[in-house]
Amino acid sequence: MYLSRFLSIHALWVTVSSVMQHYPSVWGHYDVCKTQIYTEEGKIWDYMACQPEATDMTKYLKVKLDPPDITCGDPPETFCAMGNPYMCNNECDASTPELAHPPELMFDFEGRHPSTFWQSATWKEYPKPLQVNITLSWSKTIELTDNIVITFESGRPDQMILEKSLDYGRTWQPYQYYATDCLDAFHMDPKSVKDLSQHTILEIICTEEYSTGYMTNSKIIHFEIKDRFAFFAGPRLRNMASLYGQLDTTKKLKDFFTITDLRIRLLRPATGEIFVDEQHLARYFYAISDIKVYGRCKCNLHATVCVFDNNKLSCECEHNTTGPDCGKCKKNYQGRPWSPGSYLPIPKGTANTCIPSISSIGNCECFGHSKRCSYIELLNTVICVSCKHNTRGQHCELCRLGYFRNASAQLDDENVCIANVCDNEFLHCQNGGTCHNNVKCQCPAGYTGILCEKLRCEEAGSCSSDSGHGARAQGSLTLLVALLGITGPRLF
Ligand SMILES: *[C@@H]1O[C@H](CO)[C@@H](O)[C@H](O)[C@H]1NC(C)=O
Ligand SMILES: *[C@@H]1O[C@H](CO)[C@@H](O)[C@H](O)[C@H]1NC(C)=O
Ligand SMILES: *[C@@H]1O[C@H](CO)[C@@H](O)[C@H](O)[C@H]1NC(C)=O
């Protein structure tokens with residue numbers, strides 16, 4: 001069952017999110033992709049690395065529950081009051097709005113009293129495990145910028161795994177394990193994010209911090225993004241330059257904070273005691289009132305605007321890039337390989353714009369012998385790649401080794417370079433023949449063959465045995481050399 005809860009049809013993110021306000025504002029906003037600057041040559045565009053504002057990403061997700069019928073109330077059932085396990089006459093009824101607890105209530109406006117929440121069916125089938133997967137999908141890569149916060153209305157689960165996907169739900173990796181007893185539940189030593197360091201920041205840990213039973217007051221579970229950022233940016237995230245520098249250079253680190261989907265795997269509800277009270281199984285269920293996910297569209301530092309159109313997020317790409325994540329160069333802008341923008345140097349970063357392909361400027365640049373060009377950073381120049389028709393050179397304007405310029409063809413002619421027969425350096429005409437326009441040996445009387453290697457009498461079958469042998473041996477050797485020379489399509 002897919003429950004779409006897309007509130008807006010087309011949302012432009014131009015608001016300043018609450019998350020960004022925690023960050024220092026002097027540098028590193030990356031909120032413009034280009035500005036016009038005035039130079040001696042007039043107005044020109046200056047391009048910068050840029051990214052969309054961080055925002056509340058729960059507005060753009062789809063939620064899916066497994067098992068699909070795990071939400072309480074169909075058929076109606078009673079459950080025990082939160083905080084009072086012996087008052088068991090509360091009712092969940094999916095067909096009565098005031099008594100229903102559908103999944104979208106995890107993402108609605110909070111601050112209402114009483115709070116609204118999703119609730120699962122109760123643990124009627126104990127000891128069969130009560131397990132629920134809540135999958136949140138964005139169909140878009142997003143970068144997390146703040147803690148994921150899950151607020152329970154019930155007690156926090158005894159066992160839970162937060163998982164993430166980076167490939168639209170095809171594969172999943174654990175993000176964090178949560179348990180009252182990590183060793184017992186997952187055979188892992190309990191750890192807190194504060195036990196990690198810059199070097200172990202990518203470690204997947206099991207934490208007992210958020211699973212303290214049924215009756216405690218705290219209802220919140222975090223996945224700590226900011227504590228992880230702080231290993232690079234300092235305790236109050238003052239040195240974001242250092243964090244951005246790391247994100248720029250360490251793909252694994254960047255990927256760690258990047259997701260397309262999240263999955264909350266609820267594995268065992270809060271029991272608060274060692275034994276489950278089998279007389280009152282209506283005490284045990286999951287209920288979640290709120291899930292917060294803050295982040296931004298991943299646009300590879302090539303866009304500040306992410307649009308939500310047709311229930312789909314996509315970057316409005318600048319810098320002549322394209323794709324949902326601005327992950328490639330536009331057609332005709334493939335003059336050098338695509339690369340993401342860079343946060344460095346602070347504060348403007350580097351745009352790494354896509355540059356026009358030379359073949360799009362005009363075919364005569366490669367004389368029609370190549371459709372691909374490559375930008376050579378070192379030489380700041382564009383060269384034709386894979387010149388065809390036996391040509392070579394920056395503009396495919398030269399002939400390959402073993403091929404010669406056809407004097408009667410234009411530079412853009414397919415026949416401009418022809419396999420030849422002879423020249424005065426490598427392939428000599430034999431027996432006193434002379435090379436004519438590289439295409440023909442003009443043989444003296446009495447000789448014939450491509451390189452004048454044959455005696456005419458041999459062709460006619462009228463030679464004396466003596467002269468015939470010698471000429472034949474020399475002829476085959478020359479032909480071999482000729483073949484070797486012709487077949488080596490090497491570049492100079
Ligand atoms: C939840 O998802 C995991 C994979 O992430 C799967 O192995 C498990 O069977 C699912 N559980 C339920 C109740 O659907
Ligand atoms: C993208 O291409 C257009 C058209 O050639 C050009 O005007 C614009 O400046 C380019 N933008 C960037 C960032 O290179
Ligand atoms: C040289 O080019 C002309 C013009 O395309 C062509 O007609 C001729 O066949 C070419 N010569 C050879 C030897 O291929």
Side-chain angles (χ1 to χ4, degrees), residues 1-3 61-72 103 106 118-138 148 150 157-179 185-188 204 206 223 259-269 284-288 291 363-364 367-369 387-391 396-400 402-423 427 429 435-442 450-451 482 485-486 489:
M1 165 184 59
Y2 259 92
L3 288 162
L61 58 78
K62 276 186 187 172
V63 59
K64 181 174 179 274
L65 263 61
D66 279 303
D69 58 354
I70 196 66
T71 298
C72 69
M106 292 185 278
W118 163 79
Q119 185 171 312
S120 76
T122 62
W123 204 357
K124 298 181 286 283
E125 289 171 47
Y126 176 85
K128 186 176 168 242
L130 178 65
Q131 298 189 344
V132 183
N133 283 351
I134 302 172
T135 306
L136 315 181
S137 305
W138 281 272
I148 297 169
I150 305 167
D158 276 353
Q159 292 175 19
M160 167 182 141
I161 309 175
L162 183 68
E163 292 183 334
K164 65 172 261 193
S165 172
L166 242 177
D167 54 10
Y168 309 97
R170 274 188 286 280
T171 61
W172 294 88
Q173 297 88 44
Y175 224 175
Q176 194 145 302
Y177 293 84
Y178 300 83
F186 301 116
H187 311 290
M188 293 169 82
I204 305 303
C206 178
F223 178 71
I259 60 168
T260 57
D261 304 71
L262 282 175
R263 178 172 285 165
I264 300 161
R265 294 182 60 187
L266 303 167
L267 297 176
R268 187 183 161 91
Y284 309 114
F285 53 87
Y286 307 104
I288 294 179
I291 299 178
N363 274 330
C364 80
F367 295 106
H369 304 307
C387 295
K388 291 195 190 59
H389 312 134
N390 307 313
T391 61
C396 306
E397 80 282 19
L398 303 171
C399 290
R400 285 187 183 186
Y403 292 82
F404 300 90
R405 180 70 205 280
N406 175 355
S408 49
Q410 300 289 316
L411 267 179
D412 59 356
D413 194 311
E414 281 193 19
N415 298 312
V416 68
C417 293
I418 43 181
N420 282 2
V421 171
C422 62
D423 64 54
L427 287 171
C429 301
C435 186
H436 181 72
N437 281 344
N438 300 116
V439 293
K440 195 173 172 200
C441 285
Q442 283 187 334
I450 295 171
L451 296 172
I486 288 170

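This structure is a prediction, so every number in the text was calculated from the model and none was measured. Remember, it's 1-based here, ligands and their atoms both numbered in the order they're listed. Quick note: residue numbers are just sequence positions, from 1.
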Evaluate the ring pair (Phe, Tyr, Trp, His ring centres under 6.0 Å) criterion for residues Tyr284 and Tyr126: first the C-alpha distance (whole Å), next the side-chain angles of each, then the deciding distance (0.1 Å), finally the verdict.
CA-CA 10 Å; Tyr284 309 114; Tyr126 176 85; 7.7 Å; no
Give yes when the SG atoms of Cys396 and Cys387 are nearer than 2.5 Å, otherwise give no.
yes
Starting from atom 7 (O) of ligand 3, what is the nearest protein heavy atom, named by residue and atom, and what distance separates them?
Asn415 ND2, 4.8 Å
If the test is side chain to side chain contact (heavy atoms under 4.5 Å, CB included), which one of Ile134, Leu130, Asn133 qualifies with Ile70?
Leu130
Taking Thr260 for its side chain and Ser165 for its backbone only, find out whether a donor-acceptor pair lies under 3.5 Å.
yes
Residue, atom name and distance, where the atom is the protein heavy atom closest to atom 13 (C) of ligand 3:
Ile418 CD1, 3.6 Å
Please write down residue, atom name and distance for the protein heavy atom closest to atom 10 (C) of ligand 3.
Asn406 ND2, 2.4 Å
How about Cys441 and Cys429: are their SG atoms under 2.5 Å apart?
yes
Under 4.0 Å between a Lys/Arg side-chain N and an Asp/Glu carboxylate O for Arg263 and Asp261?
no
Regarding ligand 1, does Trp172 bring an N or O atom to under 3.5 Å of one of the ligand's N or O atoms?
no
Ligand 3 atoms nearer than 4.0 angstrom to some heavy atom of Ala409 are 2 (O)
State whether the side chain of Asn390 and the backbone N or O of Tyr403 hold a donor-acceptor pair below 3.5 Å, judged by distance alone.
no
Run down the list Asn133, Leu65, Val132 and name the one with the heavy atom closest to atom 2 (O) of ligand 1.
Asn133
among protein heavy atoms, the one nearest atom 5 (O) of ligand 3 is Asp413 OD2, 2.8 Å
Per-atom filter on ligand 1: closer than 4.0 angstrom to a heavy atom of Asp66 are 13 (C), 14 (O)
Which atoms of ligand 1 sit under 4.0 Å from any heavy atom of Arg263?
2 (O), 3 (C), 4 (C), 5 (O)
